[in-house]
Structures are given as C-alpha cells and as structure tokens.
Amino acid sequence: MLRAIAVAGLILGLIAVAVFGPGMLEDADKSREGKSAAPTEQCELLQEGPCRWSDNSGDWEVSLSEAGEGAQGTEYRLTVVTPQRPERFLAVLRGESMYMGEYPVPLGNRTGNEYSARFTAPLCTVDATMTWRIDLQQGQAPIEGIPVKLVFQAEPH
C-alpha cells in the first residue's frame, strides 16, 4: 500500500514538472537577467546602417564602415553617437554565425557624445564569411534597452 502511494506521488510529481517546469524556468531566467528576451529584430550595419533608436535617455545612432585593408584583413570603423557620456565605453564583438570568442573594442571619444573605434574582425579558416554581433557595454555591464541586434558580415577580400 505504501509503495503504491509513493509511485502515484512520483508520477504526479513528474507530470507537474513536465507541465509547469518550462514556464517556471523561463520566468526565472527573465527575473535573473532583469529584462525581457533579447531583441529579435536585426540591423545589418554594413547594409542597412546607420542603426537608430531612442530610449529614456535619448537618441542613439550606430554606424559601421569599411576603413580599408590592414595587415590583419579588412579594417572597420565603428561610430556610436550616444545621448549621454558613458564611462569605459566598449563594443564587444561576438560571433553570431559561430562562436569564436569575445573581442572587446574600446570606443574612444571623438567629439561631444560621438565615440569611435577602428578594428579588424577575426575570420574563421573553415568558413570565410562570418556574421558578428556588436554588443555595447559600459565597463562590464551591458547597456540595457537596445531594441535591435547590431550585426555585420565580415568577408575576406
């Protein structure tokens, strides 16, 4: 009799986990991050740029252009116009089409609230075309409220 109650309880517990578990995990992830899911809309910086949006602090603009060939390959110039002056402002390159690590790119202040950097995006030896995502950070903390995913496609020349 005790064994039957234990088995029935175990089965009910497994059913409860299967039904309610995924939703609880999703809610826990969102509350731990303190934000909603990542933006799904992409802005292809080289083809569609500049990318613009507004938030509570003001207007943002991000643009990317090819700056010529360097010793390591194609060099890019990233320009970010911000509504405020962030300290330790970084753009972090992350592989979108495949994981190749993270590459922090410090953004230097040009004039007013305009920041820029010149960099070379690493390329994979297996697949020469690589899609990179650019995440903006202030020090170690990501900048919140960016409604688009900033991406670009690096190709060898």
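It should be emphasised that the depicted structure is a prediction, and the values quoted were computed from it without experimental measurement.
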Would you call Leu150 and Val148 a side-chain contact if the rule is heavy atoms closer than 4.5 Å? yes
Atom CD of Glu75 and atom OG of Ser65: how far apart are they, to the nearest 0.5 Å? 11.0 Å
Tyr76-Phe152 aromatic ring centre distance below 6.0 Å: yes
Here the pair of heavy atoms bringing Gly145 nearest to Pro147 is O-CD, 3.1 Å
Could you tell me which non-hydrogen atom of Gln138 sits nearest to which non-hydrogen atom of Ile143, and how far apart they are? N-CG1, 3.9 Å
Please say yes or no: joined through hydrophobic side-chain contacts below 4.5 Å, possibly via intermediate residues, are Tyr99 and Val151 part of one cluster? no
Report yes if the side chains of Val105 and Phe89 come closer than 4.5 Å at any heavy-atom pair, otherwise no. no
List the steps, then state whether salt bridge (charged side-chain N to carboxylate O under 4.0 Å, His left out) holds for Arg94 with Asp135. CA-CA 8 Å; Arg94 292 184 170 92; Asp135 294 326; 2.6 Å; yes
Which heavy atom of Met130 sits nearest to which heavy atom of Ser97, and what is that distance? SD-OG, 3.5 Å
Gap between atom CG of Leu64 and atom OG of Ser116 - 0.5 Å precision: 11.5 Å
Taking side chain as C-beta onward, heavy atoms only, is Val92 less than 4.5 Å from Tyr103? no
Does the side chain of Ile134 reach to within under 4.5 Å of the side chain of Val62, using non-hydrogen atoms? no
Check: Leu78 and Leu107 side chains under 4.5 Å, non-hydrogen atoms: yes
Are the side chain of Asn113 and the backbone N or O of Thr82 linked by a donor-acceptor pair below 3.5 Å? yes
Where do Gln137 and Pro142 come nearest, in terms of heavy atoms and distance? CG-CA, 3.9 Å
Are Trp132 and Met98 co-members of a hydrophobic cluster defined by side-chain heavy atoms under 4.5 Å apart? yes
Would you call Arg77 and Glu66 a salt bridge, taking side-chain N to carboxylate O under 4.0 Å as the test? no
Evaluate the side chain to side chain contact (heavy atoms under 4.5 Å, CB included) criterion for residues Asp59 and Arg52: first the C-alpha distance (whole Å), next the side-chain angles of each, then the deciding distance (0.1 Å), finally the verdict. CA-CA 7 Å; Asp59 298 327; Arg52 297 181 179 97; over 6 Å; no
How far apart are the closest heavy atoms of Arg133 and Glu96, and which atoms are they? NH1-OE1, 3.0 Å
Which of these, Leu90, Val81, Asn109, sits in a side chain to side chain contact (heavy atoms under 4.5 Å, CB included) with Tyr115? Asn109
Is it the case that over 12 heavy atoms from other parts of the model lie below 6.0 angstrom from the CD atom of Glu102? yes
Separation of Lys149 NZ from Thr131 OG1 (nearest 0.5 Å): 10.5 Å
Any idea which heavy atoms bring Gln84 and Pro86 closest together, and the distance? O-CD, 2.9 Å
Parallel, tilted or perpendicular, as decided by the 30° and 60° cut-offs, for the rings of Trp60 and Trp53: parallel
Value rounded to 0.5 Å, distance of CD in Glu48 from CD in Gln42: 8.5 Å
Return each pair, listed once, that meets disulfide bond (SG atoms under 2.5 Å apart) where at least one residue sits in residues 51-93; pairs must be two or more places apart or across chains. Cys43-Cys51
Looking at side-chain heavy atoms only, is the closest gap between Gln153 and Glu44 below 4.5 Å? yes
